[in-house]
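When reading the values below, keep in mind they use all heavy atoms of this one structure, side chains included, and skip hydrogens, waters and symmetry mates.
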Amino acid sequence: SGVNDQRGLVSIYAATYPRLYFQDSTTGVTQTDGFQLGYDSAGYILNRENTPLWFSTNGTERMRIDSGGNVGIGTTSPFAKLSVAGDAYIGGNLTATGTVSLQNFTFVNATGTSATTTNFYSTTASSTNLFSSVLAIAGNTLVTSSGNVGIGTTNPTSKLTIIDTS
């Protein structure tokens, strides 16, 4: 093992499993303590402590992996496997399994303007109820989980209920 200065670069060489440890009096000094950068058939970053790992640019924290494995982008308190605070863009398909909760969202097209057509569909023949409670469209059209549609009402009592309040 050794450290070599090669044209201003620091290089760490070991015949097998080269690694760099960062440890102090609070972490302990064994191989299972502290923070480690290394190579073992692939490069790795390893935080052996019960503390978060965070990434910063321009003096500001941008991303964090907490000690439970939750990843936060734009937040220091991720509450799920992925928590994003701020805008997010997905350039391909978004596939979700399990329960999906959407609050205050807008569908947009590729140019970033509001979409004029939005399609909801299920990929399995057994899924017939895409919405477990209600779907409100533009604030004045409502589809309930029983399949009733209301226009101008939030309580449709038949397959189609239209209330004109003007």
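Residue pairs satisfying the salt bridge (Lys or Arg N to Asp or Glu O under 4.0 Å) criterion with at least one member in residues 59-77, sequence neighbours excluded, are listed as follows: E61-R64. Applying the salt bridge (Lys or Arg N to Asp or Glu O under 4.0 Å) test to residues at least two apart or on different chains, none of the pairs has a partner in residues 89-100. Counting only residues at least two apart or on different chains, no salt bridge (Lys or Arg N to Asp or Glu O under 4.0 Å) pair has a member in residues 16-33.
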F35 and T27: side-chain contact (heavy atoms from CB on, under 4.5 Å), yes or no, with the steps? CA-CA 9 Å; F35 177 82; T27 65; over 6 Å; no
Cut-off 3.5 Å, no hydrogens considered: what does the side-chain donor-acceptor table look like for residues 71-87, sequence neighbours left out?
| unit_1 | atom_1 | unit_2 | atom_2 | d |
| --- | --- | --- | --- | --- |
| T75 | OG1 | S77 | N | 3.1 |
| S83 | OG | F79 | N | 2.9 |
| S83 | OG | A80 | N | 3.2 |

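Evaluation of the salt bridge (Lys or Arg N to Asp or Glu O under 4.0 Å) rule for E49 yields no partner, not counting sequence neighbours. Residues forming a side-chain hydrogen bond (donor to acceptor under 3.5 Å, both in side chains) with T16 (at least two apart in sequence, or on another chain): none.
When all heavy atoms are compared, the tightest approach of N148 to T157 is ND2-C, 3.9 Å. Scanning all heavy atoms of the two residues, the minimum distance from Y39 to Y44 falls at N-CE2, 3.5 Å. Residues T51 and S67 share a closest heavy-atom pair of N-CB, 4.0 Å.
Put simply, L37 and L53 are part of the same group of oily side chains (I, L, V, M, F, W, Y) that touch within less than 4.5 Å, one to the next. Two different hydrophobic clusters hold Y21 and Y17 under the rule that ILVMFWY side chains link at heavy-atom gaps under 4.5 Å.
Within the 4.5 Å cutoff, the side chain of I65 has no heavy atoms near those of the W54 side chain.
No donor-acceptor pair closer than 3.5 Å links the side chain of Q36 to the backbone N or O of N47.
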